[in-house]
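I have a structure here, written as structure tokens, and I will follow up with some questions on it.
We name chains A, B, ... by the order of the sequence lines, and we start the count at 1 in each one. The shown structure was predicted, so the numbers you read here are calculated from the model rather than taken from an experiment.
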Amino acid sequence: MKNPARVRFAPSPTGHVHLGSARTAMYDYLIAKQSGGQFVLRIEDTDQKRYVKGAEEELMSGLHWLGLDWDEGPDVGGEYGPYRQSERKEIYQKYARQLIEQGDAYYCFCTPERLKEVREKQNQEKQQPRYDRHCRDLSLAEADQRIKEGESHVVRFKTPLTGKTTVHDYVRGDITVDNALLDDYIIVKSDGLALYHLAAVVDDHLMKITHVIRGSEWLPTFPLHGMLHRAFGWQEPVWVHLSVFLKPSGKGKMSKRESADLLKDGKSIFLKDLKTLGYLPEAVNNWIALMGWSLDDHTEFFNLEDLVQHFSLDRLNPSPAAINFSKLDHFNGLHIRNKSVEELATLIKPYFLQNGYEVDDEKLRKIVPIIQERLVTLDDCLPFASFFFKDEVVPEAESLIAKKLTASESLKIAEDVLKILESLPDVSHEAAEQPMRDYIEASGYKAGQVFGLLRTAVTAQEVSPPLFESMEIIGKPTVIRRMEKAVELLRGLSEA
RNA sequence: GCCCCCAUCGUCUAGCGGCCUAGGACGGAGCCCUCUCAAGGCUCAAACAGGGGUUCGAGUCCCCUUGGGGGCACCA
């Protein structure tokens with residue numbers, strides 16, 4: 001057994017939970033669980049301006065939906081709290097001051113306006129936009145004095161002017177950058193709250209985090225985080241940068257606009273949408289787990305427990321992955337078929353209820369086996385099985401005309417079939433199929449023609465679960481009633 | 001523009017110098033099964049970005065080019 005890992009998922013509550021976050025959270029969870037360690041949820045809300053109401057709740061329900069339950073977090077507590085960064089303001093200030101006093105950071109009094117001017121000038125001269133280090137060499141005494149006088153200030157990290165910094169990413173290896181190319185990043189804002197860089201590093205240390213798994217958008221500031229740890233003299237966690245998810249075309253990452261368009265197609269990159277669209281959390285997990293990770297060259301069906309057992313950082317793939325929704329559909333079908341009748345019945349029942357149908361559980365349990373392998377998403381149960389719960393279904397008269405036959409020929413068939421069904425003790429699969437096949441044999445019509453007509457009459461659909469199984473569930477009185485209606489409709493058609 | 005990262009079928013990927021006439025999956029095409037639709041089974045088309053090295057031998061190691069992605073905020 002490995003050493004217990006403490007892994008944190010640290011989202012900012014600024015919007016909907018998307019696939020990229022979900023995958024990071026899952027990997028966090030897997031590493032924590034497989035080592036017998038803790039999965040920690042930490043809310044990174046140091047930017048109050050970007051706070052979105054309800055985002056935290058959505059985040060938590062999204063994680064729970066996927067089965068990624070955390071051991072420590074703002075709601076459940078833990079011995080390393082508080083777990084919301086906005087509640088840790090004083091902690092960051094203390095550490096920022098330490099950095100300043102030991103010469104690794106400094107107060108900066110430059111106004112946003114001046115910064116903007118500097119940037120514009122640099123842009124004009126085609127220089128790299130960067131802070132000009134105007135306040136870097138102010139003495140601490142002078143700085144403290146100006147602060148006492150109430151002057152607005154931020155804290156910047158004092159990046160070494162020369163030399164190189166090497167940081168180690170678990171999947172990419174060593175990454176080395178020239179310090180001269182780095183900026184003196186702001187680590188505490190003028191409102192006194194730390195920026196991500198400082199807050200995350202301090203929290204990761206204080207919370208004894210062993211693995212930092214995050215998106216590759218953090219790669220550019222990765223050296224800063226390494227330098228911060230070293231300035232404090234802290235041991236660094238294992239750093240793991242995951243590749244980003246690209247839009248289905250593979251060209252760039254998903255924009256807000258495109259996300260909206262996607263929803264019109266019944267697809268989405270947001271967890272909350274995926275749920276209402278009828279996707280199973282098991283399928284979503286399976287799907288995103290395999291975007292950037294693989295076990296071997298053939299295993300592809302996983303549930304969360306399998307992943308806990310088999311997941312390994314060693315098999316992470318550093319290259320970006322395009323989102324492939326047809327693969328999600330495939331996995332969803334696989335996981336739907338993997339459900340027991342009881343489980344699936346429970347999952348699809350709400351769809352019928354929401355659409356105003358009264359659902360008899362006994363009946364539903366009979367329906368599940370015949371539609372299970374036909375469902376791609378849970379809401380597919382509606383087009384497949386609604387007719388079971390309707391008192392009456394009335395097909396279009398024209399749709400009753402069997403393939404390659406006339407209305408009057410179809411009428412003849414309908415009348416014959418009705419007669420046969422009436423003569424049967426019941427319309428169970430066993431009782432009905434053979435007589436129907438005998439009729440087909442004797443009449444010379446094609447099986448497709450007769451069954452097609454029967455299907456349309458009984459279900460008012462061209463596509464349905466297997467006919468005889470369906471009729472058995474519907475029951476003889478209703479089947480007879482619907483056949484009579486079909487005869488009536490066809491009669492009207494052949495007289496016209 | 002500058003910095004960083006990445007590079008195998010359309011897509012997700014296996015491949016860690018000889019097991020590769022490059023394997024699997026999704027999607028596509030076809031066939032079988034069949035009362036429709038599925039599911040399932042079988043078959044086919046489909047890739048090592050290009051150029052230099054290193055080596056007896058390169059998809060696998062190194063360099064360059066090209067392409068793609070990410071970042072350059074008092075956001076995370």
So, does A:Arg172 get its side chain near the phosphate of B:C4, meaning an N or O under 4.0 Å from OP1 or OP2?
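False: A:Arg172 side-chain N/O out of range (4.0 Å or more) of B:C4 OP1/OP2.
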Assuming nearest nucleotide by heavy-atom distance, tell me which of A:Pro248 and A:Lys327 is located more 5' along RNA chain B.
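Closer to the 5' end of RNA chain B: A:Pro248.
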If you measure from the C1' atom in B:A47 to the same atom in B:A22, how many Å do you get, rounded?
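One C1' to the other, the span is 9 Å.
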So, is A:Thr299 near the phosphate of B:G24, with a side-chain N or O under 4.0 Å from OP1 or OP2?
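Answer no for this pair, as no side-chain N or O of A:Thr299 is under 4.0 Å from OP1 or OP2.
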Which of the following nucleotides, B:U36, B:G24, B:G40, is nearest to the side chain of A:Ser464?
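Nucleotide nearest to A:Ser464's side chain: B:U36.
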Reckon A:Lys403 has a side-chain N or O less than 4.0 Å from the OP1 or OP2 of B:C35?
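Checking A:Lys403 against B:C35: no side-chain N or O falls below 4.0 Å of OP1 or OP2.
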Using atom CZ of A:Phe451 as one end and atom P of B:U34 as the other, report the distance to the nearest whole Å.
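Computing the A:Phe451:CZ to B:U34:P distance gives 12 Å.
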Do A:Asp438 and A:Gln434 have side-chain N/O donor and acceptor atoms under 3.5 Å apart?
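Side chains of A:Asp438 and A:Gln434: pair found under 3.5 Å.
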Measuring centre to centre across the rings, with the benzene-like ring taken for any Trp, is A:Phe301 within less than 6.0 Å of A:His330?
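Centroid distance A:Phe301-A:His330: not below 6.0 Å, so no.
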What distance, rounded to whole Å, do you find between the two C1' atoms, one in B:A7 and one in B:A14?
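One C1' to the other, the span is 16 Å.
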For B:C26, take OP1 and OP2 only and decide whether either is under 4.0 Å from a side-chain N or O of A:His330.
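Yes.
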Rounding to an integer number of angstrom, what distance separates B:C37 and B:C20 when you compare their P atoms?
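Rounded to whole Å, the distance is 40 Å.
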Across the strands shown, which category fits A:Leu375 at heavy-atom distances under 4.0 angstrom: base, sugar-phosphate, nothing?
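Nothing: the residue A:Leu375, judged by heavy atoms under 4.0 Å, touches no strand.
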In terms of the angle between their ring planes, are A:His197 and A:Tyr185 parallel, tilted or perpendicular, with boundaries placed at 30° and 60°?
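A:His197 vs A:Tyr185 ring planes: tilted.
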4.5 Å side-chain heavy-atom contact, A:Asp416 and A:Tyr445:
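Not in contact.
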Respond yes when some side-chain nitrogen or oxygen of A:Asn317 is under 4.0 Å from OP1 or OP2 of B:A14, and no when none is.
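True: A:Asn317 side-chain N/O within range (under 4.0 Å) of B:A14 OP1/OP2.
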Given the structure, check if the side chain of A:Arg455 and the base of B:C35 hold any donor-acceptor pair shorter than 3.5 Å.
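Such a pair exists between side chain and base.
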Side-chain N or O of A:Arg130 versus OP1/OP2 of B:C2: is the shortest distance under 4.0 Å?
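For B:C2, neither OP1 nor OP2 has a side-chain N or O of A:Arg130 closer than 4.0 Å.
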Euclidean distance, atom CZ of residue A:Arg214 to atom C1' of B:A76 [Å, nearest integer]:
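A:Arg214 atom CZ is separated from B:A76 atom C1' by 10 Å.
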Among the candidates B:A76, B:C35, B:G40, find the nucleotide nearest to the side-chain atoms of A:Arg437.
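Output: B:C35.
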When rounded to the nearest Å, what value does the distance between P atoms of B:U60 and B:G51 take?
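Between the two P atoms, the distance is 12 Å.
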Side chain of A:Val154 only, please: which of B:A38, B:C74, B:G40 is the nearest?
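Of the candidates, B:C74 comes closest.
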Please evaluate the base of B:C6 for a donor-acceptor partner in the side chain of A:Ser319 within a cut-off of under 3.5 Å?
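No.
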Check whether any side-chain nitrogen or oxygen of A:Ser294 sits under 4.0 Å from OP1 or OP2 of B:A14, and answer yes or no.
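Yes, within the criterion.
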Length of the CG-P vector between A:Leu313 and B:C16, whole Å
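Whole-Å distance recorded here is 20 Å.
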Return the value, rounded to whole Å, for the distance between atom CG of A:Asp380 and atom C1' of B:A39.
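Value for this atom pair: 14 Å.
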Counter-base of B:C16, judged by Watson-Crick or G-U geometry with both distances under 3.5 Å
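Pairing partner, where one exists within any strand: none, as none qualifies.
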Picking from B:A39, B:G15, B:C74, which would you name as closest to the side chain of A:Ile186?
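The answer is B:C74.
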Nearest to side-chain heavy atoms of A:Leu334, which nucleotide of B:G40, B:A14, B:C74:
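Shortest atom-to-atom distance from the side chain points to B:G40.
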I want to verify a distance call: between B:A25, B:U13, B:C74, whose nearest atom is closest to the A:Ala321 side chain?
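The closest nucleotide is B:U13.
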P gap between B:G67 and B:C26, integer Å
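About 34 Å, rounded to a whole number of Å.
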Does B:C61 pair with anything, Watson-Crick or G-U wobble, both distances under 3.5 Å, and if so, with which nucleotide?
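In the structure as shown, B:C61 has B:G53 as its Watson-Crick or wobble partner.
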Over 60° means perpendicular and under 30° means parallel, so classify the ring planes of A:His153 and A:Tyr107, tilted if in between.
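Aromatic pair A:Tyr107/A:His153 classed perpendicular.
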Backbone N/O of A:Glu472 and side chain of A:Lys366: donor-acceptor pair under 3.5 Å:
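The answer is no, because no donor-acceptor pair under 3.5 Å joins these two groups.
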Does a nitrogen or oxygen in the side chain of A:Lys49 sit under 4.0 Å from OP1 or OP2 of B:C75?
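Yes, A:Lys49 has a side-chain N/O under 4.0 Å of OP1/OP2 on B:C75.
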Determine the Euclidean distance between corresponding P atoms of B:U21 and B:A58; express it in Å to zero decimal places.
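Those two atoms are separated by 13 Å.
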Taking atom C1' in both B:G15 and B:G71, what distance in whole Å separates the two?
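Roughly 31 Å separates the two C1' atoms.
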Looking at A:Phe109, does the NZ or CZ of A:Arg146 lie under 6.0 angstrom from its six-membered ring centre and within 45 degrees of the ring axis?
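Yes, A:Arg146 and A:Phe109 form such a contact.
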Does the ring centre of A:Tyr83 sit less than 6.0 Å away from the ring centre of A:Trp70?
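Ring centroids of A:Trp70 and A:Tyr83 are no less than 6.0 Å from each other.
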Taking CH2 from A:Trp218 and C1' from B:C5, how many angstroms apart are they, rounded to a whole number?
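Atom-to-atom, A:Trp218 to B:C5, this comes out as 16 Å.
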For A:Pro223, which contact category applies under a 4.0 Å heavy-atom criterion: base, sugar-phosphate, or nothing?
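It contacts nothing in the nucleic acid.
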First encountered from the 5' end of RNA chain B, between A:Pro11 and A:Leu467:
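Result: A:Leu467.
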Find the distance A:Arg8:CZ to B:A76:P and express it as a whole number of Å.
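Result: 13 Å.
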Figure out the CG/P separation between A:Asp184 and B:C72, and round it to whole Å.
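Rounded to the whole Å, the gap is 17 Å.
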Which nucleotide in the list B:U36, B:C5, B:C12 gets nearest to the side chain of A:Arg374?
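Selected nucleotide (nearest to the side chain): B:U36.
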Name the closest nucleotide to the A:Leu246 side chain, picking from B:A39, B:A76, B:G69.
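Out of B:A39, B:A76, B:G69, the nucleotide with an atom closest to A:Leu246's side chain is B:G69.
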Look at the side chain of A:Thr46 and decide which nucleotide, out of B:A76, B:U11, B:A14, has an atom nearest to it.
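The closest nucleotide is B:A76.
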Contact class for A:Asp47 vs. all strands (heavy atom < 4.0 Å): base, sugar-phosphate, or nothing?
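A:Asp47: backbone/sugar contact only, no base atoms under 4.0 Å.
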According to the Watson-Crick and G-U wobble definitions, with both distances under 3.5 Å, which nucleotide is paired to B:C2?
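The base-pairing partner of B:C2, which may sit in any strand shown, is B:G71.
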Nearest listed nucleotide, side chain of A:Lys253, among B:C4, B:G71, B:C75
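Per side-chain heavy atoms of A:Lys253, the pick is B:G71.
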Report yes or no: do A:Asp174 and A:Thr166 form a side-chain donor-acceptor pair below 3.5 Å?
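Judged by distance alone, the side chains do not pair up.
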Rounding to an integer number of angstrom, what distance separates B:A49 and B:G40 when you compare their C1' atoms?
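Taking atom C1' in both B:A49 and B:G40, they lie 38 Å apart.
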Below 4.0 Å: OP1/OP2 of B:G15 and any side-chain N or O of A:Arg315
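Checking B:G15 against A:Arg315, a side-chain N or O does come within under 4.0 Å of OP1 or OP2.
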Roughly how many Å is it from CG in A:Leu328 to C1' in B:U11, rounded to a whole number?
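The answer, rounded to whole Å, is 14 Å.
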